[in-house]
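All ligand and atom numbering here is 1-based and tracks the order in the structure. The chain is numbered in sequence order, starting from 1.
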Amino acid sequence: MKIAIINGPNLNLLGKREVDIYGNQNFEEHFQTLQNQFANEITLTYYQSNHEGDIVDQIQAVGYSFDGIVLNGAAYTHTSIAIADAIAAITTPVVEVHISNIHAREEFRQHSYSARNCVGVITGLGLKGYELAIRYLLAQK
Ligand code: DQA
């Protein structure tokens, strides 16, 4: 089974970015933990970009062959019709994840263009959300 994690802008700064909101751990470390955790069951890949078009390219690249995508589009969640359209275009199911609870934050974060094209959304459960999304996708197989 193949699952892709795709992270959007500024998530390369996890661990040093607004640590009160996003925590102290960087994502590379967390990805290692996830890879070890699911080593027997899943081929897990990780891609991060600060650029909208690159995220669209990556969604297209994995979106017809992988079994699941865990997407944290970060700020593009709230702005990008291109990413929403890419999710609608592919056949691979996408779970949207947010580390923080976007519904408890500024109003502009409370709308997601991408959520309607995803199978579900996990928001506010910290980095644990990635693991839960993977477990959901695994259970669908
Ligand atoms: C985020 C929430 C977004 O509003 C924000 O722009 C991010 C991270 C989260 O994981 O909580 O960069 O997607």
N/O donor-acceptor pair under 3.5 Å between E96 side chain and C118 backbone: no

pair V95-I69: side-chain heavy atoms closer than 4.5 Å: no

Closest heavy-atom pair and its distance - D67, K141: OD1-CE, 3.1 Å

Under 6.0 Å between ring centres, would you say that holds for Y130 and F27? yes

Quick check, are the ring centers of Y76 and H78 under 6.0 angstrom apart? no

Taking all heavy atoms of V121 and all of A115, pick out the closest pair and write down the distance. CG2-CB, 3.7 Å

Distances for all N or O pairs of ligand 1 and the protein under 3.5 Å?
from	atom 1	to	atom 2	distance (Å)
ligand 1	4 (O)	H78	NE2	2.7
ligand 1	4 (O)	R109	NH1	2.9
ligand 1	6 (O)	A75	N	3.2
ligand 1	6 (O)	R109	NH1	3.0
ligand 1	10 (O)	N72	ND2	2.8
ligand 1	10 (O)	I99	N	2.7
ligand 1	11 (O)	I99	N	3.2
ligand 1	11 (O)	S100	N	2.8
ligand 1	11 (O)	S100	OG	2.6
ligand 1	12 (O)	R17	NH1	3.1
ligand 1	12 (O)	R17	NH2	2.9
ligand 1	13 (O)	N72	OD1	2.8
ligand 1	13 (O)	H98	ND1	2.8

